[in-house]
Amino acid sequence: MNEGVNSADGIVYEGVNASDGVGIGVARVAVEPDLSFTPHAPADAQAEKERYEAAVAKFIEQTNAQIDRMTETVGPEAAAIMGAHIEFAEDEGIKEMVNRSIESGKCAEQSVSEAYDMYYNMFSNMEDELFRERAADVADVKTGLLADLLGQELIDLSTLPENSVVIVHELTPSMTADIDKNNVVAIVTETGGRTSHSAIIARALEIPAVLSVPDATKNIKTGDMVVVDGEKGKVLPKPDDRKLRHYRNKAKQYAAEKLALEAYRGKETLTADGEKKLLVANIGNPDDANVAAEHDCEGVGLFRSEFLFMDAKELPSEDEQFAAYQKVALCMKDQPVIIRTLDVGGDKEIPYLDLAKEENPFLGYRAVRYCLNNPEQYKVQLTALLRASAFGDIKIMVPLVTTVDEIRQVKDLVKECMRELDERGVSYNKDIEVGTMIETPAASLIAEDLAEECDFFSIGTNDLIGYTMCADRGNDKVSYLYEVYQPAVIRSLKRIIEAGSKAGIMVGMCGEAAADPLLIPVLISFGLDEFSVSAPSILRTRRIISEWTREECDALAAKVVKLKTATEVKAMLQAAAK
Ligand code: PEP
Ligand code: MG
């Protein structure tokens, strides 16, 4: 995220891409109500308590009305989110705290403020992101109660004119609940992450949203024309005609494609001639599993477990990790869930591990190398994974493997953890599969040997392209080399998939290239079994797979593998695209 950058596209603000789609409309900057008050000592404590009780009752009534409205617009599941507000409003502990404070001589405003601030601080300091997000609910209830006590009107988003882009510091869940989908075309906030309630509801309402844009309420003015690209997390105020045309086209295409893709929901993933593929999702935290399920995934092909470690202040315990893995397993029911063990290092920093700075972090002490050097720490994760395997089809995946030794050592550790769990009398799946990511040229070159040791492969093209081409994808000057269409990469993919298939193990791909519409027919021809893509790409990937017969894919791939430049490969794939 950054402040507005001046690019060829004019000013562009960047934030968290919380809800897909393109919204183009007129900015409505919502001004927060003034909830300041002067603390005073009420003459009659009983009357003050009654004033507080009346505010609670009114808040609950209003929230119930919102829940009813939302049940109609976004369905009961999203509406249930507002249930937390009612719980926080009628929580006996909070009520007792407020009443005691009033009895001690403070006014209702101060008592409510202090009690809810205490709960807010408690939630916002919790490690679990979900709990931290609940702090927003607590703040929302405090705002509602204070507004009522002070006779202030809260921001009402239910009466905005058509084509409004809501720009607001923080979109509280109750504000989100008021939004009329027919009038609000996009949402921009200065706070909030992808798992915030606001983001969840924005997705449920299918309103494009970009959150955590710094100073959005100052930099964008009511009345400004704004483009919001929810997929890319970009906000473009005052677009010129060229940009407007571009984004209007993008919005139209998005809407048309989205509608058409619904035909693929609930269907199996099959090629045009009926070859079955597995279409699974990449996720970063346990809550993403729900989002992936909403997008009709057939399981999880990559759970990047390092986010559990990156979001924490110290190493997550076995129980904490178990809870996270179990949650995903339960969410996916009997569907496969591939969980990758800690992929630390390179671009993924975990400050509390205190790893020494390296000259070449991408070629250094990272991922499985770090884990095998810290076996006791690694065993905590492996044990948590084994325990969670009793609740679903969990598979263990090892990142950045370059030698057969590494995979053998991991398997030995898994066996050791199994023995320890047996001694503890804890159940787990004794036949749990252990596979490897193939994301280094070394792994590609010894794919046949690795296949003998592994239950499955998953190709990590994000790293494989970089390591194969010796090109950092963050470096503009060499981005022409960082391309999946480079013949060296294409040939590497072919040999990996063929080696895995020959050994009879499942070969999947969890790098971004798995969702590349141009590449999909080539991957089908090579024999890829599983495509693991981001949740919003699921239905589109299913559609593209369904458009190709094996014969067509083979004919195309046979020509592609003979080409000598990335430009030729891309041009051929573009010409063949359906
Ligand atoms: C990859 O390298 O392709 C991959 C999926 O892993 P990550 O992007 O997390 O490095
Ligand atoms: Mg990788």
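Counting starts at 1 for both ligands and their atoms, in listed order. Side-chain atoms are counted along with the backbone in the values below, which use heavy atoms only and exclude waters and symmetry mates.
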Distances under 3.5 Å, N/O of ligand 1 against N/O of the protein: list each pair and its distance.
residue: ligand 1; atom: 2 (O); partner: Glu439; partner atom: OE1; Å: 3.0
residue: ligand 1; atom: 2 (O); partner: Asp463; partner atom: N; Å: 3.0
residue: ligand 1; atom: 2 (O); partner: Asp463; partner atom: OD2; Å: 3.1
residue: ligand 1; atom: 3 (O); partner: Gly460; partner atom: O; Å: 3.3
residue: ligand 1; atom: 3 (O); partner: Thr461; partner atom: N; Å: 3.1
residue: ligand 1; atom: 3 (O); partner: Asn462; partner atom: N; Å: 2.7
residue: ligand 1; atom: 3 (O); partner: Asn462; partner atom: ND2; Å: 3.4
residue: ligand 1; atom: 6 (O); partner: Arg340; partner atom: NH1; Å: 2.9
residue: ligand 1; atom: 8 (O); partner: Arg304; partner atom: NH2; Å: 2.9
residue: ligand 1; atom: 8 (O); partner: Asn462; partner atom: ND2; Å: 2.8
residue: ligand 1; atom: 9 (O); partner: Arg304; partner atom: NE; Å: 2.8
residue: ligand 1; atom: 9 (O); partner: Arg304; partner atom: NH2; Å: 3.4
residue: ligand 1; atom: 9 (O); partner: Arg340; partner atom: NH1; Å: 3.2
residue: ligand 1; atom: 9 (O); partner: Arg340; partner atom: NH2; Å: 2.8
residue: ligand 1; atom: 9 (O); partner: Lys348; partner atom: NZ; Å: 2.9
residue: ligand 1; atom: 10 (O); partner: Lys348; partner atom: NZ; Å: 3.0
residue: ligand 1; atom: 10 (O); partner: Asp463; partner atom: OD2; Å: 3.1

Exercise. For Asp516 and Tyr485, does a side-chain donor sit closer than 3.5 Å to a side-chain acceptor?
Worked result: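 There is such a pair (donor and acceptor under 3.5 Å, judged by atom type) between the side chains of Asp516 and Tyr485.
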For this session: Answer with yes or no whether the side chains of Ser492 and Ser444 bring together a donor and an acceptor at under 3.5 Å.
Result: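 A pair is found: one side chain offers a donor N or O, the other an acceptor, under 3.5 Å apart.
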Problem set entry | Nearest heavy-atom neighbours spanning Tyr352 and Pro316 |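 The pair with the smallest heavy-atom distance is OH-CD, 3.7 Å.
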Exercise. Glu298 side chain to Leu278 main-chain N or O, any donor-acceptor pair under 3.5 Å?
Worked result: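 Here the side-chain-to-backbone pair does not exist.
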Problem set entry | Which residues share a ring pair (Phe, Tyr, Trp, His ring centres under 6.0 Å) with Tyr428, sequence neighbours left out |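 If we apply the ring pair (Phe, Tyr, Trp, His ring centres under 6.0 Å) test to Tyr428, skipping adjacent residues, there are no hits.
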For this session: Output all residues satisfying ring pair (Phe, Tyr, Trp, His ring centres under 6.0 Å) with Tyr467, sequence neighbours left out; order by chain, then residue number.
Result: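 For Tyr467 there are no ring pair (Phe, Tyr, Trp, His ring centres under 6.0 Å) partners, ignoring immediate neighbours.
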Problem set entry | Pairwise side-chain contact, Val210 with Tyr13, heavy-atom cut-off 4.5 Å (strictly under) |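 Val210 vs Tyr13: side chains apart.
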Problem set entry | side-chain hydrogen bond (donor to acceptor under 3.5 Å, both in side chains) evaluation trace for Asp554 with Ser525 | CA-CA 5 Å; Asp554 286 348; Ser525 168; 2.8 Å; yes
Exercise. Quick one: which of Tyr365, Phe309, Tyr378 gives a ring pair (Phe, Tyr, Trp, His ring centres under 6.0 Å) with Tyr370?
Worked result: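 Answer to the ring pair (Phe, Tyr, Trp, His ring centres under 6.0 Å) test with Tyr370 among Tyr365, Phe309, Tyr378: Tyr365.
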Problem set entry | Polar protein atoms near the Mg ion (ligand 2) [N, O or S; cut-off under 2.8 Å] |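 Less than 2.8 Å away from the Mg ion (ligand 2) sit Glu439 OE1, Asp463 OD2.
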